[in-house]
Structures are given as C-alpha cells and as structure tokens.
> 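Shown below is the structure under consideration.
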Amino acid sequence: MAHQPSTIFRLTEVALSLDEGEALLPHKVAEYVQCRVADVQQWRIVRSSIDARRKGCVLRMYTVEFSLAEAQSLSQQAQQDRRLNVVTPQLAVAEVSLVTSAKTVVVVGMGPAGLFSALWLAKAGQRVILVERGQPVEQRVADVESFWQGGPLNENSNVQFGEGGAGTFSDGKLTTRVKNPLTVPILQTFVDFGAPEEILIQAKPHIGTNRLRHVLRNFRKQLQQLGVELRFDSCVTDIQRRDNSVESVTINDDEMIRCDVVILAIGHSARDTYALLEKKQFRLQAKPFALGVRVEHPTELINKIQYGIANHPRLPTAEYSLAYNDKETGRGIYSFCMCPGGHVVQSSSEAEGVVVNGMSNYKRDGEYSNSALVVAVRPEDFGDSSPLAGVRFQQHWEHQAFIAGGRSYQVPAQNMMDFLGKGTGGDINSSCRSGVSAAQLSETLPDFVVQGLQSALPLFERKMRGFVSREATLTGIESRTSAPVRIVRDSSGQAIDWLGVYPVGEGAGYAGKR
Ligand SMILES: Cc1cc2nc3c(=O)[nH]c(=O)nc-3n(C[C@H](O)[C@H](O)[C@H](O)COP(=O)(O)OP(=O)(O)OC[C@H]3O[C@@H](n4cnc5c(N)ncnc54)[C@H](O)[C@@H]3O)c2cc1C
C-alpha cells in the first residue's frame with residue numbers, strides 16, 4: 001500500500017473529560033481510527049469548544065488534524081464517516097491585488113471596519129488617509145477612566161468613539177454567524193498584532209479588553225509603516241460631491257480634503273454624522289434594533305448553572321445564550337453580547353444620556369458575569385416614519401435613564417426580583433465602576449420592552465434554573481445593540497447617488513448581512 005504522509009485528516013467531536021489532558025488527543029484519535037498511537041503524526045488542534053449539555057459531566061470537544069503512516073485505508077473510511085474527513089488544501093483568500101491608480105481614499109472611523117479597510121487598501125498600494133474624531137487609545141483610556149470617576153463626558157473620546165471604535169472597551173468577542181472566507185485572515189491579523197493564538201482554534205474566540213489595547217497599538221504601527229496618514233481628533237463634518245461622485249470631505253468644519261473614494265466606517269453612534277448624511281441627501285432608512293437592560297449575576301452562580309460546578313481550572317468562565325419569541329407580540333427577546341467574568345460599562349457618548357454595555361478582560365475572572373437582555377424594536381415603535389426616528393427614540397430613552405440615574409451619569413440599577421414585582425429593596429450588586437443608582441427601570445424603557453422582559457424571564461428560568469434570582473441585578477439601558485438606521489447601498493456597495501462613497505461596518509446598518 002502506498003505511503004502517503006502528506007494526506008491530512010480531520011477528526012471532529014474528539015471528547016476529553018475534565019480530568020484528561022490534551023496530550024491524550026492522539027490516543028483518542030488512534031483509538032478511533034484503530035491504529036498505533038505512534039502512527040498518528042503531525043497532529044494539531046484546529047477547533048475547541050465546551051459541551052455542557054450534561055451538567056456535572058462537562059466535556060471539552062476538539063477537532064484534530066493529523067496524518068498517518070498508513071493513510072490509504074483511512075482515506076476510504078473518510079468517505080463514509082461523518083466525523084472523519086480528508087483535508088483539502090484551501091486556496092489563499094483575501095489576497096490583495098496591487099492597484100495602480102493614484103486615487104486618494106479617505107477612511108472615516110478607526111473601529112474594526114475602518115482599520116481593516118485601511119490595512120487592506122494600504123497593502124494594495126492605495127493612498128489612504130484614515131480619520132478619527134476621537135483620540136489614540138492611550139489618551140482615550142485616560143478620558144474614559146476620568147469620566148467613569150465622575151469627570152466630564154468627552155463627546156468625541158469615550159466608550160463609543162476613538163481609536164479601535166466601539167469595541168475597544170469590550171469583551172473582544174469575535175463570534176460571527178456569517179460564513180465568510182475573510183474570517184481566518186482577520187483572526188490571523190489580530191494574532192499578528194498580539195492577540196492570543198488560541199483565537200484561531202476556539203469556536204468562540206475572544207481577546208479581552210486588556211489585550212485589545214496592545215493589539216491596537218501594533219495595528220497603528222503597521223498602518224504607519226504602510227504609509228497610511230493617521231489623523232486623530234478629526235471629525236468629518238461635511239462631504240461634497242460633483243455629478244453624483246464624491247469629491248471631498250471637510251474635517252472639523254475647517255479643512256477640506258479632496259478624495260476619490262470615501263469609506264464611511266462611522267459605527268452606530270455618530271448621530272451628528274447621520275444627521276449630516278440626511279442633510280446631504282444620502283438615502284437613509286430606519287431599521288429595527290433591540291432595547292433592554294444588562295443583567296449581572298455572580299460568576300460562580302452562572303458557572304454552577306451551566307457546568308454544575310462553580311470553578312474548574314480546565315473550564316472557561318461559563319457563557320449562556322437565551323432566546324424566546326413571544327408569539328402574541330411577535331417580538332424576539334434574547335440575551336446578547338454576554339461577558340463572562342466581566343464588567344458592566346457606562347458607555348455614553350452624548351450629553352444627558354445613559355447607555356450600558358459590557359466588557360471583560362482576557363482572563364474573564366471578574367466576580368460577576370453580565371449580558372444584555374433585550375427586546376426587538378421595530379420602526380413602527382419609533383413614533384414617526386422619518387429615517388432618523390430610531391435615533392431620536394434611542395435618545396429619548398437614554399435621557400430617561402440619565403434622569404433615573406440622578407442626572408449624574410450614574411447607571412440606574414434594580415434588583416431583578418424587584419423588577420419582576422416580587423419584592424422591594426432587594427440588593428443591588430454591580431461591577432459597574434462608574435457607580436450605579438437605585439431606580440425603577442420601568443421608567444427608563446417603553447412599556448412593551450418592560451413587559452417583554454417580564455414575560456421572558458420566567459421562561460429563561462426554566463432553561464437555566466437559578467437565573468431568576470435575588471442575586472441578579474439589572475442595569476440600564478442597553479440601547480446601542482445595532483444601528484437604528486441604514487445607509488442604503490447599491491449592489492456595488494456604494495451609497496445611492498454618491499459614487500465613491502462606501503458605507504461599511506456596523507454604522508451602515510447591514511450588520512449580519514453580506
Ligand atoms: C462596550 C462595548 C462592548 C462591545 N463588545 C463587543 C464584543 O465583545 N464583540 C463584538 O463583536 N462586538 C462588541 N461590541 C460591538 C462592536 O464594538 C461594534 O459592533 C464594532 O465596534 C463596530 O465596528 P465599526 O468599525 O463598524 O464601528 P465602530 O467601532 O463604532 O467605529 C466607528 C468609529 O468611527 C468614528 N467616527 C464616527 N463618526 C465620525 C466622523 N464623522 N468623523 C470621524 N470619525 C468618526 C468613531 O469615533 C468610531 O471610532 C461592543 C460595543 C461596545 C460599546
């Protein structure tokens with residue numbers, strides 16, 4: 001039989017108990033394919049996840065690639081075996097072809113969408129100017145820390161705005177439901193800039209806020225080396241076109257930059273920029289998003305619910321995902337952006353509005369685990385039919401949260417049982433470093449959101465016994481789940497009647513679509 005050392009196989013669903021180390025994986029492979037352990041060569045883990053369906057018997061699941069000394073018969077087995085496959089070499093994707101035109105591209109926004117656009121364009125040899133209204137990450141962290149300690153809100157340098165975009169103070173979760181060949185090169189880019197290598201194999205990769213800052217500094221250096229002109233403290237305040245083609249942008253109402261292409265990567269919170277686009281007759285549409293609260297439990301409680309044990313050195317801090325579709329109202333109610341062992345963060349970007357979100361450090365070792373609990377909202381809920389009605393709807397409820405929090409940017413908070421009408425004066429325990437203030441969260445949300453959450457919580461309790469608990473605290477409001485408006489693009493990705501303008505990322509309003 002021919003010796004084929006180069007044939008690589010992939011075996012899925014290789015299970016390890018909590019007592020077994022990863023060194024046992026080649027043994028498990030050998031057992032499955034019925035060969036000697038010594039014949040399992042070049043093995044490597046390509047995927048890892050947790051199977052916690054049976055509490056008290058949690059398994060770590062792996063996909064392992066390997067080659068074998070005797071590959072021929074296994075190739076035949078692989079044709080009939082659901083778990084075993086021959087690995088076909090992937091063609092390189094996202095190779096950039098060099099451009100020869102002398103076009104100037106202005107990329108607006110240094111969130112993930114803007115940073116990656118600038119990187120790929122610069123690698124292709126394009127002249128790129130990358131503009132950001134906020135500050136470099138070092139200054140931005142200082143501004144946010146000062147705000148959280150009671151200092152003034154800087155409306156251009158905060159949790160939403162500045163180098164790295166909205167995710168800089170985040171869990172750095174990199175989960176996506178979109179199957180896209182660019183996923184691997186993007187993860188690899190993060191690793192090249194200092195993210196942990198394991199994100200390449202994890203089913204649910206995450207970087208952690210503390211490590212993201214280091215990644216961002218390396219990203220910046222690489223962009224500078226590629227010749228990208230980086231401009232902080234530079235807000236696009238106007239945009240001009242000639243014969244339907246973009247011609248220039250204005251920075252800080254002062255300086256005009258001529259350009260041939262504009263990548264609009266402004267995120268979902270730049271309300272003044274959305275207003276500018278409306279004024280300049282971009283085609284905008286109100287779109288659904290979700291609104292609700294953030295829920296916090298002690299980390300050990302969630303671990304116990306999910307794993308049956310409070311802690312184990314071989315288990316990551318437990319996550320959860322809950323969803324319920326209310327047949328009567330047709331609204332989805334679901335958990336979102338879970339941050340195991342993380343912190344609730346005050347995420348305002350506008351005066352007199354309070355917004356919450358969540359972040360975690362790489363180790364996810366905080367005392368509390370938090371997640372958004374949100375209810376779907378639709379354009380019909382916004383009160384009028386104009387494109388920016390969803391923005392005003394968000395602003396209204398964020399202002400109610402500001403009032404409920406005592407008009408000092410403290411986050412309004414309430415014990416979960418009190419919110420459910422099952423008591424009063426319950427404990428409020430929160431990881432939110434900027435401080436919380438006892439409040440009635442029903443005053444900070446529309447009735448249908450309050451009712452949606454109140455009807456879903458007992459059902460979530462059935463799925464996760466102990467979730468509805470006096471130990472749980474709710475904070476509000478979670479309103480920046482996704483963009484409330486879409487910048488309509490044509491089939492080439494350009495804004496309608498604005499040739500050369502490409503709305504991208506979260507702020508374009510197409511997130512989750514290709
Ligand atoms: C606290 C927090 C935690 C999060 N956690 C996660 C997570 O764990 N995983 C996850 O996938 N997502 C998370 N998100 C959501 C995620 O951050 C966003 O989906 C993502 O950042 C969107 O990327 P973007 O590049 O489209 O926009 P953004 O990241 O919002 O970046 C837009 C940038 O454009 C700049 N800008 C806006 N207008 C202008 C203008 N006129 N001129 C110049 N610059 C401008 C802004 O300052 C901003 O830096 C979190 C968000 C927050 C706030």
Side-chain angles (χ1 to χ4, degrees), residues 106-118 129-137 140 143-144 148 154-178 186 190 199 204-209 212 216 230-239 249-253 257 262-277 289 294 319 336-340 342-349 355-362 364 370-372 432 478-483 487 503-512:
V106 171
V107 178
V108 188
M110 287 191 201
L115 287 170
F116 276 95
S117 301
I129 303 171
L130 177 53
V131 299
E132 166 56 54
R133 67 194 301 159
Q135 298 294 332
V137 70
R140 185 182 177 196
D143 292 338
V144 169
W148 284 348
N154 181 332
E155 289 188 60
N156 280 315
S157 180
N158 49 55
V159 172
Q160 311 287 348
F161 296 158
E163 189 177 23
T168 301
F169 298 84
S170 78
D171 178 65
K173 267 182 293 300
L174 303 171
T175 345
T176 173
R177 279 178 216 97
V178 179
I186 283 180
F190 278 123
I199 64 170
K204 292 182 178 174
H206 99 112
I207 298 179
T209 264
L212 264 174
L216 278 171
L230 298 178
R231 304 195 43 177
F232 293 100
D233 207 1
S234 298
C235 185
V236 168
T237 49
D238 204 355
I239 181 164
V249 292
T250 304
I251 306 295
N252 298 339
D253 292 316
I257 304 178
V262 173
I263 310 282
L264 264 189
I266 58 172
H268 56 34
S269 289
R271 292 164 174 173
D272 50 355
T273 313
Y274 279 141
L276 165 70
L277 298 181
F289 62 101
R294 205 151 260 269
E319 297 178 45
F336 173 72
C337 183
M338 212 239 136
C339 297
H343 297 264
V344 168
V345 277
Q346 209 304 13
S347 309
S348 298
S349 57
V355 180
V356 288
N357 210 307
M359 74 179 200
S360 325
N361 283 329
Y362 170 68
R364 288 177 161 170
N370 70 74
S371 172
C432 182
E478 181 87 27
S479 52
R480 308 278 179 93
T481 47
S482 69
I487 309 168
V504 302
E506 179 63 57
Y510 289 82

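Because only heavy atoms are used, hydrogens play no part in the values below, and waters and symmetry mates are left out as well, while side chains stay in. Indexing begins at 1, ligand by ligand and atom by atom, following the structure's order.
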> So, do I266 and R133 sit near enough that their side-chain heavy atoms are less than 4.5 Å apart?
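Not in contact.
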> Look at atom 34 (O) of ligand 1 and say which protein heavy atom is nearest, naming residue and atom and giving the distance to 0.1 Å.
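In this structure, atom 34 (O) of ligand 1 has G109 CA, 3.2 Å as its nearest protein heavy atom.
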> Polar-atom distance check: V236 versus ligand 1, any N or O pair below 3.5 Å?
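Yes, since at least one N or O of V236 sits under 3.5 Å from an N or O of ligand 1.
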> Of all the atoms in ligand 1, which lie at a distance below 4.0 Å from a heavy atom belonging to F161?
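Listed by number with element, the hits are 46 (C), 47 (O).
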> In the protein, what heavy atom is nearest to atom 25 (O) of ligand 1, and what distance, to one decimal place, separates them?
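Here the nearest protein heavy atom works out to A113 N, 2.9 Å.
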> Ligand 1 versus T273, non-hydrogen atoms closer than 4.0 Å: side chain, backbone, both, neither?
side chain
> With the threshold set strictly below 4.0 angstrom, can you tell me whether any protein non-hydrogen atom sits that near atom 4 (C) of ligand 1?
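So atom 4 (C) of ligand 1 has protein heavy-atom neighbours under 4.0 Å.
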> Drop me the distance from Q135's CD to D233's CG, to the nearest 0.5 angstrom.
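That separation rounds to 5.0 Å.
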> Is it the case that the side chains of S347 and N357 hold a donor-acceptor pair, with the cut-off being a distance below 3.5 Å and no angle test?
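The answer is no; no qualifying pair exists.
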> So, is V159 polar-close to ligand 1, with some N/O to N/O distance under 3.5 Å?
no
> Are side-chain heavy atoms of L174 and I207 found at a separation under 4.5 Å?
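They are in contact (side-chain heavy atoms under 4.5 Å apart), so the answer is yes.
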> Based purely on interatomic distance, does G507 place a nitrogen or oxygen under 3.5 Å from a nitrogen or oxygen of ligand 1?
no
> Provide, to 0.1 Å, the distance between atom 37 (C) of ligand 1 and the closest protein heavy atom, together with that atom's residue and name.
I266 O, 3.2 Å
> What's the shortest distance from atom 6 (C) of ligand 1 to any protein heavy atom, and which residue and atom give it?
S170 CB, 3.7 Å
> Any non-hydrogen side-chain atom of D143 less than 4.5 Å from a side-chain atom of F161?
no
> Give the contacting part of L276 toward ligand 1: side chain, backbone, both or neither, where contact means a heavy-atom distance below 4.0 Å.
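Within the 4.0 Å criterion, L276 makes no contact with ligand 1.
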> Under 4.0 Å from any heavy atom of A270, which atoms of ligand 1 are there?
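Near A270, meaning under 4.0 Å from one of its heavy atoms, ligand 1 has 37 (C), 38 (N).
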> Quick one: do the S349 and N158 side chains pair a donor with an acceptor below 3.5 Å?
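There is no such pair between these side chains.
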> Within this structure, what is the CD-CD distance for the pair Q160 and E155, rounded to the nearest 0.5 Å?
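Between Q160 CD and E155 CD, I get 12.0 Å after rounding to 0.5 Å.
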> Among protein heavy atoms, which lies nearest atom 27 (O) of ligand 1, and at what distance?
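Checking every protein heavy atom, the shortest distance to atom 27 (O) of ligand 1 gives G267 CA, 3.3 Å.
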> Looking only at non-hydrogen atoms, which of G167, S347, S234 approaches atom 17 (O) of ligand 1 most closely?
G167
> Taking the side chain as every heavy atom from C-beta outward, state whether M359 and V159 have any pair of such atoms under 4.5 Å apart.
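They are not in contact (no side-chain heavy atoms under 4.5 Å apart), so the answer is no.
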> Note the single closest protein heavy atom to atom 1 (C) of ligand 1, along with its residue, its atom name and the distance in Å.
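Here the closest protein heavy atom is F169 O, 2.9 Å.
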> Show me which atoms of ligand 1 lie under 4.0 Å from any heavy atom of G505.
26 (O)
> Could a heavy atom of E132 be found less than 4.0 Å from some atom of ligand 1?
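Right, E132 reaches ligand 1.
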> Are the charged groups of R480 and E506 less than 4.0 angstrom apart, N to O?
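No salt bridge links R480 with E506.
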> Please work out which of A166, G111, G165 has its closest non-hydrogen atom nearest to atom 50 (C) of ligand 1.
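The residue whose heavy atom sits nearest atom 50 (C) of ligand 1 is A166.
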> My understanding is that only one of V249, L276, D253, D272 makes a side chain to side chain contact (heavy atoms under 4.5 Å, CB included) with T237; could you say which?
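Filter result, single survivor: D253.
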> Is there at least one protein heavy-atom neighbour under 4.0 Å from atom 15 (C) of ligand 1?
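No; the ligand atom in question lacks any protein heavy-atom contact below 4.0 Å.
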> Could you give the distance from CD (E163) to CG (L115), rounded to the nearest 0.5 Å?
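Nearest 0.5 Å value for the CD-CG distance: 7.0 Å.
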> Show me which atoms of ligand 1 lie under 4.0 Å from any heavy atom of V108.
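Checking each atom against V108, I get 40 (C), 42 (N), 43 (C), 44 (N).
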> Check for a donor-acceptor pair, side chain of N361 on one end and backbone N or O of G208 on the other, with a separation under 3.5 Å.
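No, the answer is negative, given that no donor and acceptor are paired below the 3.5 Å cut-off.
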> Please compare R140, E506, R133, K173 and report which has the shortest non-hydrogen distance to atom 8 (O) of ligand 1.
K173
> Between F190 and F116, what is the ring plane arrangement, given parallel below 30°, perpendicular above 60°, and tilted in between?
perpendicular
> Using a 4.0 Å cutoff against the non-hydrogen atoms of V345, which atoms of ligand 1 qualify?
1 (C)
> Nearest non-hydrogen atom to atom 33 (C) of ligand 1 belongs to which of S157, G162, A265, G114?
A265
> Which residue owns the protein heavy atom closest to atom 20 (C) of ligand 1, what's the atom, and how far is it?
P112 CG, 4.0 Å
> State, yes or no, whether a side-chain contact exists between L277 and L264 at a heavy-atom distance under 4.5 Å.
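Result yes, sub-4.5 Å side-chain heavy-atom pair found.
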